[in-house]
Amino acid sequence: MACSSSTRPTKVQELFVYEFNERDRGSPAFLKLSQKSVNSLGDLVPFSNKLYSGDLQKRLGITAGMCILIENKPEKKGDRYEATFSFYFGDYGHISVQGPYLTYEDTCLAVTGGSGIFEGVYGQVKLHQIVFPFKLFYTFYLKGIEDLPQELLGKPVEPNPAVEPSPAAKACEPQATVTNFTN
Amino acid sequence: MACSSSALKTISPPIKLANPRSHPTSSLLTNNTLLSFKLSNTSLTQTLKFQSISPQTPSFSLPKRSFTCKSQANPSDSTRPTNVQELHVYEINERDRGSPAYLRLSQKSVNSLGDLVPFSNKLYTGDLEKRLGITAGICILIENKPEKKGDRYEAVYSFYFGDYGHISVQGAYLTYEEDTYLSVTGGSGIFEGVYGQVKLHQIVFPFKIFYTFYLKGIKDLPKDLLCKPVEPTPYVEPTPAAKACEPHATIPNFTN
């Protein structure tokens with residue numbers, strides 16, 4: 001795990017993943033702590049969803065973290081959140097991110113770090129909503145790490161509202177998951 | 001850093017002792033219904049009595065630094081150190097900081113998504129001879145794992161090292177697993193520009209934790225942080241001098 005190379009890799013590697021809320025993890029938990037009738041600063045939204053490879057052939061793990069509601073934007077018919085969460089890739093490790101989540105448009109979050117094969121990672125990730133808040137597509141632009149394993153680099157399925165994980169991935173059949181996929 | 005009182009009632013006993021199920025039920029926000037998250041955005045089309053509090057864009061510009069950051073000169077990327085430095089610390093909950101504050105916001109009888117656990121504990125050097133400071137942050141409960149008799153949390157917190165600065169981390173905290181790895185997201189002071197990961201090793205849940213940081217991107221750590229660590233066992237305790245914060249047994253302006 002310790003990088004013995006003398007320079008930190010600076011080339012960019014793209015990594016695509018899909019996040020699905022299959023409604024079986026009790027997520028999200030919308031904590032209306034503002035006690036106001038509209039979404040307001042004070043509301044907190046812990047969440048955890050399932051993570052699949054960009055080609056939708058493998059179950060990778062989960063996302064886990066929290067969205068902090070910042071502001072409701074009535075003219076955009078949506079909200080601004082500040083999101084702090086991680087992506088878990090089973091035995092490969094995890095990637096932590098932080099940044100804006102706007103329910104009404106794509107955003108870029110900061111990659112703050114990682115563990116395992118992602119140890120030392122930096123860069124950013126583009127969040128693309130497909131079906132709010134159930135299907136999201138992420139494009140990571142990762143620097144500072146060794147080459148990613150082939151298993152994570154399948155050709156991504158183009159995001160569209162009808163995307164679904166393959167039945168094998170959804171059922172977590174052994175050949176359709178990464179090793180010790182996070183659950 | 002002290003737990004200030006708020007509208008939320010906090011319970012300060014430890015998260016759990018022997019049995020994960022034997023936690024007190026508290027009723028927070030009894031007057032309020034927690035709305036379940038709706039699929040459609042209809043809840044957003046209600047008329048708002050929403051006062052915009054954002055001021056007009058100010059015409060002033062912020063000074064370059066509003067406070068002094070003790071930091072080294074910024075090394076350029078080409079000279080950013082890549083050697084790994086190991087740093088060992090002990091985090092000990094001495095039950096005198098009102099920590100943790102288990103906010104049972106899910107309002108369910110078992111630990112569930114929605115529960116939040118802010119916390120702050122004391123930090124000592126790996127040889128347990130010096131008080132360094134504190135940890136401070138929050139654990140977000142993600143899932144109870146009954147088959148493992150424990151829980152998965154997402155933890156976001158910092159380690160404070162007095163005048164030396166701080167290190168921020170983010171990652172999984174699994175109460176049922178001995179070791180997890182969190183990412184080092186950044187730092188200040190001598191830790192400015194730090195990256196890497198940290199291994200969290202549970203000794204006595206949730207009172208004693210031993211950390212091994214694998215830090216990159218910073219200059220050589222000062223001697224008084226580098227020590228031969230005491231092997232983690234359930235009986236480890238800080239030296240009486242460190243616990244009493246005697247001057248020779250702390251780092252300068254240790255965080256408290």
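Basis for what follows: all heavy atoms, side chains included, without hydrogens, waters or symmetry-related copies. Naming convention: chains lettered A, B, ... in sequence-line order (proteins, then strands); numbering from 1 in each chain. Remember, predicted model here, so these are calculated numbers, not experimental data.
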Most chain B-contacting option - heavy-atom pairs closer than 4.5 Å, from A/Gly113, A/Ser48, A/Ser115, A/Ala110: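 It is A/Ser115.
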
Among A/Gly26, A/Gly120, A/Ser96, who wins on heavy-atom pairs under 4.5 Å with chain B?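 Going by pairs under 4.5 Å, I would pick A/Ser96.
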
Do A/Phe85 and A/Phe87 have their ring centres less than 6.0 Å from each other?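 Between A/Phe87 and A/Phe85, which both carry aromatic rings, the centre distance is below 6.0 Å.
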
Part of [X] lying under 4.5 Å from any heavy atom of chain A:
X        : answer
B/Val156 : side chain
B/Ala172 : both
B/Glu143 : side chain
B/Ile140 : side chain

Can you confirm whether A/Glu158 is buried at CD, in the sense that more than 12 heavy atoms of other residues, nucleotides or ligands lie under 6.0 Å from that atom?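 No.
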
Which atoms of A/Leu44 are under 4.5 Å from chain B, going by heavy atoms: the side chain, the backbone, both sets, or neither?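 Only the side chain of A/Leu44 comes within 4.5 Å of chain B.
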
Are A/Gln129 and A/Tyr101 close enough that a side-chain donor and a side-chain acceptor fall under 3.5 Å?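 The criterion, which ignores hydrogens and geometry beyond distance, is satisfied for A/Tyr101 and A/Gln129.
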
Is it true that B/Glu147 and B/Tyr176 share a donor-acceptor pair across their side chains at a distance under 3.5 Å?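 No, because no side-chain N or O of B/Tyr176 sits under 3.5 Å from a partner of the opposite role on B/Glu147.
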
So, do B/Tyr214 and B/Lys199 sit near enough that their side-chain heavy atoms are less than 4.5 Å apart?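 In contact.
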
Note: A/Asp43-A/Lys32 ion pair, threshold 4.0 Å (strictly below):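 Salt bridge flag = yes for A/Lys32 with A/Asp43.
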
